[in-house]
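Throughout, numbering of the chain's residues begins at 1 and tracks the sequence.
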Amino acid sequence: MRSIGEKLKYIRKLNKLSQTEFSQIIGVSQGVLSELEKDKYKPSLDLVIALKMKFDVDLDWFLSSSQAVYKCYGSVVW
């Protein structure tokens with residue numbers, strides 16, 4: 001099972017963004033992003049919407065705890 005934090009980090013790395021760059025795009029501080037990637041916090045609804053709108057993230061994949069394979073960014077992930 002992939003955690004939300006791991007998926008968030010995967011999206012960031014897939015787009016070749018630093019934590020600072022990615023956090024600015026999704027509207028959180030770099031520190032908050034770091035904590036999210038470590039699963040210390042759950043993402044807000046605003047952050048989830050930003051991921052969908054700015055990165056076209058499949059929300060079923062992002063929010064699901066199953067190991068199902070979903071399409072994301074035009075390629076199959078996990």
Straight-line distance of [X] [atom1] to [Y] [atom2], nearest 0.5 Å:
| X | Y | atom1 | atom2 | result |
| --- | --- | --- | --- | --- |
| Ser18 | Gln30 | OG | CD | 8.5 Å |
| Leu63 | Lys42 | CG | NZ | 10.5 Å |
| Lys7 | Ser64 | NZ | OG | 5.5 Å |
| Tyr41 | Ser34 | OH | OG | 10.0 Å |

If you compare all heavy atoms of [X] against all heavy atoms of [Y], which two are closest, and at what distance to 0.1 Å?
| X | Y | result |
| --- | --- | --- |
| Ala50 | Ile26 | CB-O, 4.0 Å |
| Leu47 | Pro43 | CD2-CB, 3.4 Å |
| Val32 | Val28 | CG1-CB, 4.1 Å |

Q: Would you please test Leu8 and Leu51 for side chain to side chain contact (heavy atoms under 4.5 Å, CB included) and show each step?
A: CA-CA 9 Å; Leu8 199 55; Leu51 290 172; 3.7 Å; yes
Polar side-chain atom of [X] near backbone of [Y] as donor-acceptor pair, under 3.5 Å:
| X | Y | answer |
| --- | --- | --- |
| Lys9 | Ile4 | no |
| Asn15 | Leu17 | no |
| Ser23 | Thr20 | yes |
| Gln24 | Glu21 | no |

Q: Establish, yes or no, whether a centroid distance under 6.0 Å links the rings of Phe22 and Phe55.
A: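 Yes, the ring of Phe22 comes within the 6.0 Å limit of the ring of Phe55, centre to centre.
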(Q) For residues Met53 and Leu45: do they belong to one hydrophobic cluster (side chain heavy atoms under 4.5 Å, members Ile, Leu, Val, Met, Phe, Trp, Tyr)? (A)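 They do share one cluster, since a chain of ILVMFWY contacts under 4.5 Å joins Met53 to Leu45.
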Q) Going hydrophobic residue to hydrophobic residue with side-chain gaps under 4.5 angstrom, can you get from Ile11 over to Ile49? A)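 In one cluster: no.
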Q: Considering only NZ, NE, NH1 and NH2 on the basic side and carboxylate oxygens on the acidic side, decide whether Glu37 and Arg12 come within less than 4.0 Å.
A: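 Salt bridge: yes.
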Q: Count the heavy atoms belonging to other residues, nucleotides or ligands that lie under 6.0 Å from NZ of Lys52, then report whether that count exceeds 12.
A: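 Atom NZ in Lys52 is packed in, count exceeds 12.
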Q.
Could you work out, with salt bridge (charged side-chain N to carboxylate O under 4.0 Å, His left out) as the rule, every residue matching Lys54, not counting sequence neighbours?
A.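 Lys54: no salt bridge (charged side-chain N to carboxylate O under 4.0 Å, His left out) contacts found.
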